[in-house]
Number of protein chains: 2
Amino acid sequence: MKSDPFLYQDIARQLETLILSGALRIGERLPSVRQLSKEKKVSISSVYKAYIELESRGLVEARPKSGYYVRFSTKQIQKITHIRQQAVTRRQKVKSLQEEVYVPLSDPTLIKLSINKPDTSILPVTKLKNSLLHTVRERPDRLVNYNNLQGDEELRRQIARISYAAGLLLYPDDIITTSGCLEAIHYALLATTSPGDTVAIESPTYFGLLKAIEAHGRIPVEVLTDPVTGIDIPSLETCITQHHVKACIVTSSFSNPTGAHLTEEKRKALVALVTRKDIVLIEDDIYGELHFDPHRLNACKAYDLQQNVILCSSFSKSVAPGYRVGWLIAGKYRSEIFEYKMNHSVTTASVTEMAMAHFLKNGRYDLHIRQLRKDLHTQCLQYLQAIYEYFPGPIEVSAPKGGFVIWVALPMGCDSVKLYRKLIKKKISIAPGQLFSQKLDLRTYFRVSFGSPFTPEIDDALKQIGATLQQMI
Amino acid sequence: MKSDPFLYQDIARQLETLILSGALRIGERLPSVRQLSKEKKVSISSVYKAYIELESRGLVEARPKSGYYVRFSTKQIQKITHIRQQAVTRRQKVKSLQEEVYVPLSDPTLIKLSINKPDTSILPVTKLKNSLLHTVRERPDRLVNYNNLQGDEELRRQIARISYAAGLLLYPDDIITTSGCLEAIHYALLATTSPGDTVAIESPTYFGLLKAIEAHGRIPVEVLTDPVTGIDIPSLETCITQHHVKACIVTSSFSNPTGAHLTEEKRKALVALVTRKDIVLIEDDIYGELHFDPHRLNACKAYDLQQNVILCSSFSKSVAPGYRVGWLIAGKYRSEIFEYKMNHSVTTASVTEMAMAHFLKNGRYDLHIRQLRKDLHTQCLQYLQAIYEYFPGPIEVSAPKGGFVIWVALPMGCDSVKLYRKLIKKKISIAPGQLFSQKLDLRTYFRVSFGSPFTPEIDDALKQIGATLQQMI
């Protein structure tokens with residue numbers, strides 16, 4: 001058996017060629033160390049060294065107890081470092097643009113890169129079905145009745161259990177269930193602000209949050225947000241002082257539309273700031289569980305000693321959009337928010353909460369969420385690679401570490417609404433940047449969701465976007 | 001065979017004795033005409049005459065294709081004719097009273113005469129279970145996904161179908177589904193009024209409606225409401241003018257807490273008034289299907305030519321409280337309300353809507369609702385009879401023609417909150433009148449729900465209420 005110390009570089013080079021040529025595709029497993037050592041007649045340590053070399057260059061990744069997998073290096077791609085602060089001039093209203101983009105989505109032949117949700121194929125359809133069947137057979141009488149007003153008790157126990165990973169030590173009684181995360185945010189806004197109050201929000205942000213603020217006569221104030229590390233704390237502080245802000249809404253992990261992820265330091269600083277100013281932080285944690293790194297960061301709520309943070313989340317992005325099971329952890333606002341729930345929806349649907357509780361209780365959630373993270377990570381890399389290959393030169397993208405979305409920056413002068421209109425004729429739907437702010441002119445951005453597995457159709461759609469862009473630039 | 005023309009009076013008298021002694025209970029079927037004619041050896045026409053005599057006295061009722069049934073005559077009971085317009089003095093806040101009454105309801109040993117919903121035993125548990133199982137097995141993939149944003153398409157078709165009985169000719173596209181009726185009312189309020197606007201509402205009324213108005217910074221103005229024929233139209237007109245009312249909420253059929261039922265004339269007058277004033281009528285039709293008379297009146301919405309009426313309803317009181325399936329018919333406010341839904345709950349739960357659609361589509365709803373009306377009617381008469389027997393003299397009650405609730409008026413000087421506190425120690429829960437108004441002093445009223453079958457426990461509870469009242473008067 002050869003033991004030449006330079007041999008590992010040869011192996012690394014050979015594998016690199018296979019990866020970059022596409023012979024080994026993203027997500028594929030490399031041969032095991034033992035197997036390659038046998039085949040190539042080199043020592044196990046040489047193979048190891050080769051793999052570590054490839055890993056350090058971001059081409060492969062080790063997955064615990066599973067082996068090495070081909071990984072597209074996000075280092076190869078030009079990353080967005082900031083959002084251009086361009087003044088709004090003449091532009092289409094967000095509402096009519098939202099209709100323009102979302103009404104055609106009922107067309108089943110559309111390639112829907114604009115939908116920010118996991119595709120059914122990566123959701124636990126069969127296991128959820130079994131949990132539903134179990135629930136229906138076990139307690140048909142309970143299903144027709146109002147459930148516990150605060151939310152199904154077993155479900156709240158299970159949410160308390162999984163929240164531990166986000167640094168939260170909760171009692172089931174701390175949790176109030178809702179019909180999805182957005183409803184939780186509505187209740188949090190109603191309980192902590194009054195009509196006419198200003199509410200600070202990231203910019204860009206999910207248009208549903210802007211609408212939630214405005215629906216209740218509150219005034220949104222958009223705050224500079226870094227596309228990688230999230231909301232800018234000094235800008236937020238200035239905004240709080242200048243606009244007498246009463247509450248702020250921040251998506252702490254993998255924010256929509258940029259994928260921005262607050263660092264641990266910024267989480268602590270954000271909680272310290274709202275505590276010092278004695279205002280409320282409504283933490284939208286809906287993507288918190290969808291991290292690609294092995295461990296998730298603590299939620300902001302974990303650093304909240306003075307009860308200034310209300311955490312809102314749901315299973316809509318991680319398990320089942322159609323179940324409408326969300327929740328909030330409201331701290332000192334608990335009884336007030338409980339009253340809002342009672343006087344709005346009375347209770348949440350019994351059957352979906354009980355089935356979700358069963359799904360969680362039987363370990364099905366834990367298995368599923370691990371697989372979903374892997375699937376989304378692989379899909380993210382596959383989409384990024386296609387964008388890298390197909391999109392013309394000066395385009396920058398975000399490289400999120402979790403969630404569903406890639407934020408794409410076009411050169412100045414390009415207009416993503418025009419791009420949208422060209423693409424929709426080719427049955428491809430993207431989300432133009434202007435949907436995500438009322439203050440900034442985001443016409444040079446658009447959002448691509450990678451919630452669907454990377455099929456030849458997706459590959460072709462990304463290729464067509466690239467070709468269309470080539471003509472526009 | 002005897003043919004004495006006076007014989008039928010003997011038969012009528014005999015049956016009357018059996019009914020009033022309790023040997024024939026309310027809801028029991030009398031022997032068929034043919035059978036009794038044979039047994040008593042009298043002519044068929046004599047038995048017929050006897051039955052018609054009993055029917056004219058309100059002791060029995062003919063049910064089509066089924067025969068004659070024992071019926072307690074509501075003529076025997078002293079009926080409420082108006083609500084005392086007493087000024088509010090020192091009183092307990094509605095919020096803390098709501099907690100006092102509703103928090104103990106988790107105790108399973110309580111006799112819950114305060115809960116305004118059908119008992120599980122008169123709900124179609126098995127048939128709903130079968131519809132759920134069918135839905136889960138048929139389309140497990142669809143269940144995990146967001147449903148049609150406006151609501152399940154088949155469900156909307158079915159709602160359009162059953163709405164015909166209320167005089168409504170609808171397309172499925174006219175309907176937006178919601179998570180229960182109260183959510184529908186929230187959306188209707190948000191779409192048609194602004195913070196600071198006044199909203200007219202019946203007095204007394206369901207406290208959830210008062211809370212819904214206040215939750216959004218609107219100001220409720222209570223309007224004189226007749227406990228039999230519903231809101232007073234001239235009072236409403238004066239109120240609209242004086243308070244610049246933007247919208248009014250009226251429960252047109254079997255209003256909670258009095259059971260008031262708008263007559264056809266008042267329905268027309270109400271729609272004409274809101275049309276003339278160009279304000280919005282939010283019609284709460286949640287009890288509309290629960291009529292004891294053979295036919296239901298048209299909804300106010302049926303007379304709405306100028307699109308001033310938004311109808312809100314749900315299956316929570318008629319099929320399954322725990323399913324949270326409601327809807328609204330919004331007319332010209334449709335697209336605005338649709339946007340509120342999209343930006344609040346996004347969609348409603350797929351599985352409950354699809355199972356409800358299946359339940360409706362397969363004729364299960366029509367069979368069930370007919371049976372439920374009979375059950376509720378019988379229960380209503382049984383409760384009224386017990387109240388008549390057990391409650392002391394000067395007490396008046398409403399005798400509703402549908403729904404779930406009986407409104408009881410105590411003599412002046414009595415306090416139903418004190419009554420509540422005495423009864424809760426005996427594990428009996430009633431709903432004190434003060435819950436149902438912020439303007440009127442309703443301490444001399446309370447509400448009894450007859451949603452549960454008349455068991456010996458209920459009989460005993462009503463006896464105990466009577467004995468407690470005897471001591472208080």
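Numbers restart at 1 for each chain; the letters A, B, ... are given by sequence-line order, proteins then strands. These numbers were taken from a predicted model, which means no experiment stands behind them.
- Note that CD of B:E339 is 4.0 Å distant from NZ of A:K211, once rounded to the nearest 0.5 Å.
- Residues satisfying the side chain to side chain contact (heavy atoms under 4.5 Å, CB included) criterion with B:T109, sequence neighbours excluded, are B:D107, B:K427.
- Distance check: B:H186 NE2 to A:H186 NE2 gives 12.0 Å after rounding to the nearest 0.5 Å.
- A:T120 and B:N145 share a donor-acceptor pair across their side chains, judged by distance under 3.5 Å alone.
- Within a 6.0 Å radius of NZ in A:K117, more than 12 heavy atoms belonging to other residues, nucleotides or ligands are found.
- Contacts between A:T126 and chain B at a heavy-atom distance below 4.5 Å are absent for every atom of the residue.
- Only the side chain of B:Y340 comes within less than 4.5 Å of a heavy atom of chain A; its backbone N, CA, C and O stay farther away.
- When the shell of 6.0 Å around NZ of B:K341 is examined, it contains more than 12 heavy atoms from other residues, nucleotides or ligands.
- Between B:R324 atom CZ and A:S179 atom OG the span is 10.0 Å, to the nearest 0.5 Å.
- For B:N147, no part sits under 4.5 Å from any heavy atom of chain A, backbone or side chain.
- The residue among B:L143, B:V351, B:T352, B:L123 with the most heavy atom pairs within less than 4.5 Å of chain A is B:L143.
- Neither the backbone nor the side chain of A:R142 has a heavy atom closer than 4.5 Å to any heavy atom of chain B.
- Listed options A:P118, A:A215, A:G217 were ranked by heavy-atom pairs under 4.5 angstrom with chain B; first place goes to A:A215.
- Going from atom CG of B:L105 over to atom OH of A:Y146 covers 12.5 Å, rounded to the nearest 0.5 Å.
- Heavy atoms from other residues, nucleotides or ligands lying under 6.0 Å from NZ of A:K246 number 12 at most.
- Interatomic distance, A:F207 CZ to B:N343 CG, rounded to the nearest 0.5 Å: 7.5 Å.
- Considering CG of B:D141 and OG of A:S121, their distance stands at 11.0 Å, rounded to 0.5 Å.
- The aromatic rings of A:Y187 and B:H344 sit perpendicular, their planes meeting at an angle over 60°, well past the 30° parallel limit.
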